[in-house]
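Some notes on the structure that comes next.
Quick note on labels: first sequence line is chain A, next is B, and so on, each numbered from 1. Just so it is clear, the structure is predicted and the values come from calculations on it, not from any experiment.
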Protein chains: 2
Amino acid sequence: MNNNNPIEKCDCEVIHDEIVNSVKGKMPQEETLFDLAELFKVFGDSTRIKILWALDEVEMCVCDIAVLLNMTQSAISHQLRVLKQAKLVKNRKEGKVVYYSLDDDHVKQIFDQGLEHINEK
Amino acid sequence: MNNNNPIEKCDCEVIHDEIVNSVKGKMPQEETLFDLAELFKVFGDSTRIKILWALDEVEMCVCDIAVLLNMTQSAISHQLRVLKQAKLVKNRKEGKVVYYSLDDDHVKQIFDQGLEHINEK
DNA sequence: AATACATATGAACAGTTATTCATATGTTCA
DNA sequence: TGAACATATGAATAACTGTTCATATGTATT
C-alpha cells in the first residue's frame, strides 16, 4: 500500500518509507508527548529551577524565596502558581504565611540527569 | 551580622533569616542553574520531544522526520539546529542526505522520569 | 554546465511568557 | 473594627520563540 501521493506538508519525497512507518507505530500518543513537553517547559526557566532547587533543600515561605532570589514577592508568587499547577510543589498555610515544599520525588533525579548531560558536553 | 537593612526587591520582611542563609549556601552556582534551565527549555516543545523520541528509536534523515511529524522540512531543520546546539543530537552526511541520531544517553531517562511524574499525578 | 533535490538559513509574523505594577484577599493583633 | 502584613491576582508590557516563506548552499546526475 505504498502509494506515491504527494506528501502533505513536507516538500520533499519520502526517503525511507519503512523507517517512517516503523517509527510511527512506536511513537507514544500525541497527548503523552504534549504533556511531557508541558512538564519540561516548567523546568525551562531559571527562576523556577532555583525555586525547585531551594525547596528541595527545605520548605520555605513565599517571602523567604523572594529574598533568597532577590526578586519581588509578586514574581515569586506567580511562578509558584505555575509550579503548583504542574504539581511539582505543594503548600500549607500557617496564619498569614504560606509554606511551599516539593511535591515530587523525581525533581532531583531529573535535575541530576540534566546535570550529567551538561557535565559530559 | 544580621542587619536590618530593607531587603532590596522583596517588599516584605525576612521571615526566616537562618533558612534563607542556609539555603543560599547550598545553592549551586548561578550559571549551573541557568544552563540547566536552558537544557530543559529544549525539552519544552512538543516538536522537539517528538524528534528526540523518534531518534531514540532509529537514525533518520530530515525529510523522514518531516514526513513522520507531518511538518515542513524547514521547521524540522530549524528544530534540529536547536537540538544540535544543545548537543542532544548529532548528524552524519551521506551525499545530499543528512542523518540525525541521538547524541546523549540521558534523554530516555529524562523522559522516563517525566513520564513517571505525569502518571503519578 | 545545468538540473534536480536534500538541507540550511534569514527575515517576518503570530503567539507565548516572565516580570512589574497596582490592587485584592485573608489573617493577626491591638 | 481598623491597621499591618503575607500572599494572590489581573492587566500591561517587553522579550522570546516556533513556524512559514523565500531563498541559499551543497551534492549528485545527466
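We find that NZ of A/Lys50 is positioned 9 Å from P of C/dT19, with the value rounded to whole Å. Atom CD of B/Gln85 and atom C1' of C/dA8 are 13 Å apart (whole Å). Look at CG on B/Leu69: it is 12 Å from P on D/dT20, rounded to the nearest Å. Between the CE atom of B/Met60 and the P atom of C/dA6 there is a distance of 15 Å, rounded to whole Å. Here the P atom of nucleotide C/dT17 and the CG atom of A/Leu83 are 14 Å apart, to the nearest Å. Distance, B/Leu80 CG to C/dT9 P: 11 Å, rounded to whole Å. Taking atom CD1 on A/Ile76 and atom P on D/dT7, their separation rounds to 11 Å, with Å as the unit. One atom, CD of A/Gln73, and another, P of D/dA4, lie 18 Å apart when rounded to the nearest Å.
Mapping B/Tyr99 and A/Glu94 onto DNA chain C via the closest heavy atom, the residue that lands nearer the 5' end is B/Tyr99. Each of A/Lys93 and A/Ala75 was matched to the nucleotide of DNA chain C holding its nearest heavy atom; the match closer to the 5' end belongs to A/Ala75.
Each end of the helix from C/dA1-D/dT30 to C/dA30-D/dT1 yields a helix axis from five base pairs, and these two axes differ in direction by 20° (to the nearest 10 degrees).
Between B/Ser77 and the phosphate of C/dT7, there is no side-chain N or O to OP1/OP2 separation shorter than 4.0 Å.
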Close N or O pairs between protein and nucleotides 10-15 of chain D (under 3.5 Å):
{"unit_1": "D/dG10", "atom_1": "O6", "unit_2": "A/His78", "atom_2": "NE2", "d": "2.8"}

Is there any protein nitrogen or oxygen under 3.5 Å from a nitrogen or oxygen in nucleotides 16-18 of chain D, and what are the pairs?
{"unit_1": "D/dG18", "atom_1": "OP1", "unit_2": "B/Arg48", "atom_2": "NH1", "d": "2.9"}
{"unit_1": "D/dG18", "atom_1": "OP1", "unit_2": "B/Arg48", "atom_2": "NH2", "d": "2.6"}
{"unit_1": "D/dG18", "atom_1": "OP2", "unit_2": "B/Arg48", "atom_2": "NH1", "d": "3.4"}

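Applying the salt bridge (Lys or Arg N to Asp or Glu O under 4.0 Å) rule to pairs touching residues 98-113 of chain B yields A/Lys121-B/Asp103, B/Asp56-B/Lys108, sequence neighbours excluded. Among residues at least two apart or in separate chains, there is no salt bridge (Lys or Arg N to Asp or Glu O under 4.0 Å) pair with a member in residues 61-87 of chain B. Applying the ring-ring contact (aromatic ring centres under 6.0 Å, His included) test to pairs two or more places apart or on separate chains, none has a residue in residues 62-90 of chain A.
Under the rule for a side chain to side chain contact (heavy atoms under 4.5 Å, CB included), the partners of B/Lys26 that lie at least two apart in sequence or sit in another chain are A/Glu57, B/Ser22. Residues satisfying the side chain to side chain donor-acceptor pair (under 3.5 Å) test with B/Asn91, not counting sequence neighbours, are B/Tyr100. Shown here are the side chain to side chain donor-acceptor pair (under 3.5 Å) partners of A/Glu31, two or more places apart in sequence or in another chain: there are none. Considering only residues two or more places apart in sequence or on other chains, A/Glu120 meets the salt bridge (Lys or Arg N to Asp or Glu O under 4.0 Å) condition with none of them. Every side chain to side chain donor-acceptor pair (under 3.5 Å) that B/Gln109 has, sequence neighbours left out, goes to A/Gln113. For B/Asn21, the side chain to side chain donor-acceptor pair (under 3.5 Å) test picks out no residue, with sequence neighbours left out.
Partner of B/Leu55 under the side-chain contact (heavy atoms from CB on, under 4.5 Å) criterion, chosen from B/Leu52, B/Val58, B/Ile51: B/Ile51.
Taking only side-chain atoms of A/Asn91, from C-beta outward, the nucleotide of C/dA8, D/dA8, D/dT7 with the closest atom is D/dA8. Taking every side-chain heavy atom of B/Lys96 into account, C/dA6 is the closest of C/dA6, C/dT7, D/dC5.
Residue contacts for B/Tyr100: at a heavy-atom cut-off of 4.0 Å it reaches the sugar-phosphate backbone alone, with no base atom in range.
By the 30° and 60° cut-offs, the orientation of the rings of A/Trp53 relative to A/Phe111 is parallel.
In this structure, the side chain of A/Arg48 engages the main chain of A/Lys41 through a donor-acceptor pair within 3.5 Å.
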